[in-house]
Amino acid sequence: MSPLGIRSARSSRRLAVLALALASAGAVLLPATSGTAAAGAPVQANPHPGYARTVSGQLVKVDTTRHNTPVHPTVATHPQLDHMGSTIPAHEPAARSAARPAVAPDSVPQLPGIDVSAYQGNLDWAGIAPNIDFSYAKASEGTYYTNPDFYNQYVGPYDQGLIRGAYHFANPNDSSGSAQADYFVDNGGGWSSDGQTLPGMLDIEYNPYGSECYGLSGSQMTSWIWDFANEYASRTGVYPVIYSTTDWWNTCTSDDTNFADYDPLFIANYAASGGGTLPPGWGYYTFWQYADSGSEPGDQDVFNGPYSQLQVLARNG
């Protein structure tokens with residue numbers, strides 16, 4: 001299909017998505033312009049309390065177990081610079097290489113998308129939307145930071161008919177996994193089955209403020225991630241997407257393969273075709289961040305499937 005034909009097809013899809021979203025607009029809660037939840041506005045509750053949908057769409061009972069993982073708060077001196085993949089070049093030499101995989105963002109089934117943060121500031125989504133199918137925006141970090149540009153980066157794509165999502169930059173030094181999941185949900189990271197909102201995402205990568213594994217053992221880190229995932233699932237009714245690199249995951253967790261049964265994988269790999277070797281348990285990626293710059297703002301991503309499947313993820317989690 002020609003570039004013009006691709007843009008036309010995307011435009012038609014977005015009009016259909018926007019019509020669906022408008023039809024269910026009463027269920028959509030938007031954040032305040034500060035990037036935090038609107039004062040006094042309730043956060044949409046889990047539509048099926050006690051249960052949540054997994055990556056396969058199965059409705060399962062949420063584990064209520066929570067762990068007391070060690071907390072050693074550090075001063076976050078540059079949260080506005082922390083974003084998906086910001087720590088990777090310092091730890092993975094291949095990510096600094098000029099070589100990049102041969103990815104054609106316009107090809108099917110690799111649907112093009114981007115992820116952004118305060119680093120990009122306010123964006124012209126009317127100009128960006130014809131070239132992508134989805135976006136993720138940073139909402140929060142730890143329990144101390146919210147993205148001041150979140151309204152533009154979250155509502156802007158929505159207004160253009162794009163499928164969008166929010167993500168949380170984890171700092172396990174700061175507080176428990178469940179506390180950070182609550183902070184994320186309360187500050188823009190919630191989810192609604194409107195066909196235009198992707199499940200919230202946990203960005204868990206190298207520590208930008210100290211030791212790469214945040215001073216936690218592999219089992220402690222695994223417990224922290226489960227606490228985040230289960231609390232998010234309990235609050236929203238859907239398990240979060242998990243973003244990481246295979247190197248960080250293998251270095252800092254206990255290689256628990258059970259996450260693959262619950263959480264979609266957003267793999268970061270700038271040097272290997274097809275996302276490279278994946279963390280234990282996951283047989284495929286749902287999203288792939290293949291470059292930290294490109295033709296569109298922010299990091300360059302693809303969704304591993306047709307547009308109809310992306311819509312399913314936005315409707316059912």
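Since the model is a prediction, treat every value here as computed from it, not as a measurement.
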Sidechain-backbone polar pair: Trp191 side chain, Thr197 backbone, donor-acceptor under 3.5 Å: yes

With Tyr214 via ring-ring contact (aromatic ring centres under 6.0 Å, His included) - residues at least two apart: none

Flag, side chain of Gln153 to backbone of Ser117, donor-acceptor distance under 3.5 Å: yes

With sequence neighbours excluded, residues passing ring-ring contact (aromatic ring centres under 6.0 Å, His included) with Trp224: none

More than 12 heavy atoms from other groups under 6.0 Å of CG on Asn258: yes

Validation row, ring centre Tyr243 to ring centre Trp288 under 6.0 Å: no

CG on Asp299 to CG on Asp115, rounded to 0.5 Å: 4.0 Å

Exam field: side chain Gln160 to backbone Pro157, donor-acceptor pair closer than 3.5 Å: no

Ion pair Lys138/Asp203, N-O distance below 4.0 Å: no

Pair Tyr136 and Tyr167, ring centroids less than 6.0 Å apart: no

Hydrophobic cluster partners of Tyr183 (side-chain heavy atoms under 4.5 Å): none

Nearest non-hydrogen partners of Tyr145 and Ala118, listed with the distance: OH-CB, 3.5 Å

Aromatic ring pairing His91/Tyr206, orientation class (parallel under 30°, perpendicular over 60°, tilted between): parallel

Ser234 (side chain) donor-acceptor with Glu231 (main chain) under 3.5 angstrom: no

Ring pair (Phe, Tyr, Trp, His ring centres under 6.0 Å), paired with His78, selected from Phe169, Tyr119, Tyr209: Tyr209

Beyond-backbone contact of Trp249 with Pro280, side-chain heavy atoms, under 4.5 angstrom: yes

Sequence neighbours excluded, every pair satisfying salt bridge (Lys or Arg N to Asp or Glu O under 4.0 Å) that has a member inside residues 253-282: none

Gln110 side chain vs Gly305 backbone, donor-acceptor pair below 3.5 Å: no

Whether Phe303 and Phe134 hold their rings parallel, tilted or perpendicular, with breakpoints at 30° and 60°: perpendicular

Mutual orientation of the aromatic rings belonging to Tyr154 and Phe150 [parallel < 30°, tilted 30-60°, perpendicular > 60°]: parallel

Aromatic contact, Tyr232 with Phe184 (centres under 6.0 Å): yes

Qualifying residues under ring-ring contact (aromatic ring centres under 6.0 Å, His included), relative to Tyr144, sequence neighbours excluded: none

Other residues, nucleotides, ligands: >12 heavy atoms within 6.0 Å of Tyr51 OH: no

Residues clustering with Val71 (ILVMFWY side chains joined when closer than 4.5 Å, directly or via others): none

